[in-house]
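So that the names make sense, note that chain A is the first sequence line, chain B the second, and so on, each numbered from 1. This one's a predicted model, so the numbers in the text were calculated from it and none came from an experiment.
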2 protein chains.
Amino acid sequence: MKDPKATGPQSCEDCPIRHRAVCARCETDELEKLEDIKYYRTFEAGQTVIWAGDPMDFVGSVVSGIATLTQTMEDGRRQMVGLLLPSDFVGRPGRDGAAYDVVATTDLVMCCFRKKPFEKMMMETPHIAQRLLEMTLDELDAAREWMLILGRKTAREKIASLLSIIARRDATLQLAGMRGPLVFDLPLTREAMSDYLGLTLETVSRQMSALKRDGVIELEGKRHVTIPDLPRLLEEAGDDADGGMMA
Amino acid sequence: MKDPKATGPQSCEDCPIRHRAVCARCETDELEKLEDIKYYRTFEAGQTVIWAGDPMDFVGSVVSGIATLTQTMEDGRRQMVGLLLPSDFVGRPGRDGAAYDVVATTDLVMCCFRKKPFEKMMMETPHIAQRLLEMTLDELDAAREWMLILGRKTAREKIASLLSIIARRDATLQLAGMRGPLVFDLPLTREAMSDYLGLTLETVSRQMSALKRDGVIELEGKRHVTIPDLPRLLEEAGDDADGGMMA
DNA sequence: AATTGACTTTGACCCAGATCAAGCGCGGCA
DNA sequence: TGCCGCGCTTGATCTGGGTCAAAGTCAATT
């Protein structure tokens, strides 16, 4: 993985509540009263942060690394319903149990707040709710984009859409409007990709091979991807205008 | 359609901002200053409220009737990404264009607020953002439930899930925990159902027939549905625990 | 009562993607 | 050095749902 700090907040240490994930505007003098309700947790790649249904007495945000939200049916069918990147928020004020499985797909650092005091603070500090509203609306847009992908796109378009989403996000690391090829490491296994896209892992593999064969992407090893021609990829994704949106 | 007031707010006239869609807690003395920024719009079944991309200078909430949010690809493939019921909120503070097509599927009354003043009021009245946050989180949950349906369920399960969602919502009209059969009218055409579920209209029709043949549902005409055994329907939907969630 | 047109159902056939089943590549480890 | 084991690829075959086509229902209109 790339250094996640590059896209995430510069540091969660500087100011916990100023942390972009929670609020971009609050004042530093709120720092002290937070010290006792905030803590950090780290996870290794593959570890589960919390299982759906388990009691969850905290909310938090991703400092570095990547986590996934997935839903599972009784018979084992799984659907990923969210991808958490640095600065993304986890947990719902006012809800006691986790709604989804949260799994670290890379090494992960989270900045957590005990839920009750956080809720109290949210009541007293208006812009926290305003900031959370903005973030939640972004996630909702991402979820809806995803619904179009799941409901109406072909396997090839789905793969291209996923790569666009990741490329787009990583592109912020590079010069905006740059011309050259885009290069990144896939943060997901083929299986995680299939859970994301509502496909089987075999279909994901086949379509990756097909996109490679057709020159839309280049692969070095299994994870390292080069996009020589982003507009071409976006066209393959089925939405020429842009590459989908991300939470 | 049923009288939508039964599930929606009792009246939008009583107090525009106390309107459940916006805020359940504000004080009546905010009424006056709202009179000049709020207005009503009515639409007939089938009318388009706004097209994706069009400038949108208002936000609002559904007073009565049902509307859909849909996304369309250049080649005409469509995916419904939201179902708006009475008290649901439309529009995003801080965004200028509509992100989705909004279409009235029944006769529709909306309570609208000019966007700029609404945003200003939201900044000044903390619980409005808090209320909108709650609602948006509910919508996000619904969208994620929907993603599981789109990505992993079979056609039969999709239909059963949709019927469960509608039945569940309409069930609030009836005594909670009631035993008897559930009866309601589908607010959607077969085509709208297919747009919702990522299927073709033919498949929707076939699966409706199959569920009828198997005694899971009873049909009188094309729209009037009876659910003789709700647990059976939920089982067919693939999630025994409950019938999915709704925005 | 017949016509029209929107919506729905049903049938026949086909294909994208699932399923089942080998193998491959490569890092970790004895 | 070789042998796991895990993630990935590739092949062969099957099938759920799509596609194309026709006919049925029903309310509104003439």
Participant: Charged N to carboxylate O under 4.0 angstrom, B:Asp195 versus B:Arg190?
Facilitator: no
Participant: Note down the inter-axis angle between the two ends of the helix from C:dA1-D:dT30 to C:dA30-D:dT1, five pairs each, to the nearest 10°.
Facilitator: 20°
Participant: Please list every donor-acceptor pair under 3.5 Å in which a side-chain atom of residues 148-155 of chain B meets a protein atom from a residue at least two apart or in another chain.
Facilitator:
unit_1: B:Arg152; atom_1: NE; unit_2: A:Arg78; atom_2: O; d: 2.6
unit_1: B:Arg152; atom_1: NH1; unit_2: A:Leu199; atom_2: O; d: 3.2
unit_1: B:Arg152; atom_1: NH2; unit_2: A:Ser194; atom_2: O; d: 2.8
unit_1: B:Arg152; atom_1: NH2; unit_2: A:Leu199; atom_2: O; d: 3.0
unit_1: B:Lys153; atom_1: NZ; unit_2: B:Ser161; atom_2: OG; d: 3.1
unit_1: B:Lys153; atom_1: NZ; unit_2: B:Ala237; atom_2: O; d: 2.9
unit_1: B:Lys153; atom_1: NZ; unit_2: B:Asp239; atom_2: OD2; d: 3.3
unit_1: B:Thr154; atom_1: OG1; unit_2: B:Glu157; atom_2: N; d: 3.2
unit_1: B:Thr154; atom_1: OG1; unit_2: B:Glu157; atom_2: OE1; d: 3.4

Participant: Are B:Ile66 and B:Leu83 side-chain neighbours, meaning at least one heavy-atom pair lies under 4.5 Å?
Facilitator: yes
Participant: Please determine whether a side-chain nitrogen of the Lys or Arg among B:Asp138 and A:Arg92 lies less than 4.0 Å from a carboxylate oxygen of the Asp or Glu.
Facilitator: yes
Participant: Nearest whole Å is fine: how far is C:dG25 C1' from A:Glu220 CD?
Facilitator: 15 Å
Participant: Please determine if A:Arg41 forms a cation-pi arrangement with A:Phe58, meaning its NZ or CZ atom is less than 6.0 Å from the six-membered ring centre and no more than 45° off the ring axis.
Facilitator: yes
Participant: Between C:dT8 atom P and B:Leu199 atom CG, what is the distance in whole Å?
Facilitator: 15 Å
Participant: With heavy-atom distances below 4.5 Å as the criterion, would you say the side chains of B:Met193 and B:Lys158 are in contact?
Facilitator: no
Participant: How would you label the contact of B:Gly46 with the nucleic acid (heavy atoms, under 4.0 Å): base, sugar-phosphate, or nothing?
Facilitator: nothing
Participant: Residues in salt bridge (charged side-chain N to carboxylate O under 4.0 Å, His left out) with B:Asp57, at least two apart?
Facilitator: none
Participant: Expressed in angstrom and rounded to an integer, what is the separation of A:Lys158 atom NZ from C:dG17 atom C1'?
Facilitator: 9 Å
Participant: Whole angstrom is fine here: how far is it from CD in B:Gln207 over to C1' in C:dT9?
Facilitator: 13 Å
Participant: Check the distance between C:dA16's P and A:Leu197's CG and give it to me in whole angstrom.
Facilitator: 18 Å
Participant: Round to a whole Å and report the spacing from CD1 of B:Ile159 to P of D:dG16.
Facilitator: 16 Å
Participant: B:Glu236: which residues meet the salt bridge (charged side-chain N to carboxylate O under 4.0 Å, His left out) condition with it, sequence neighbours left out?
Facilitator: B:Arg156, B:Arg232
Participant: Keeping to residues at least two apart or across chains, list the side-chain hydrogen bond (donor to acceptor under 3.5 Å, both in side chains) pairs with something in residues 203-213 of chain B.
Facilitator: B:Thr200-B:Thr203
Participant: Any side-chain N or O of A:Thr200 less than 4.0 Å from the OP1 or OP2 oxygen of C:dA18?
Facilitator: yes
Participant: Take nucleotides 4-15 of chain D nucleotide by nucleotide from the 5' end and write B, S or -, depending on whether a protein heavy atom sits under 4.0 Å from the base, only from the sugar-phosphate, or from neither.
Facilitator: ----SBBBB---
Participant: Over how many whole Å does the gap from A:Glu157 atom CD to C:dA16 atom P extend?
Facilitator: 12 Å
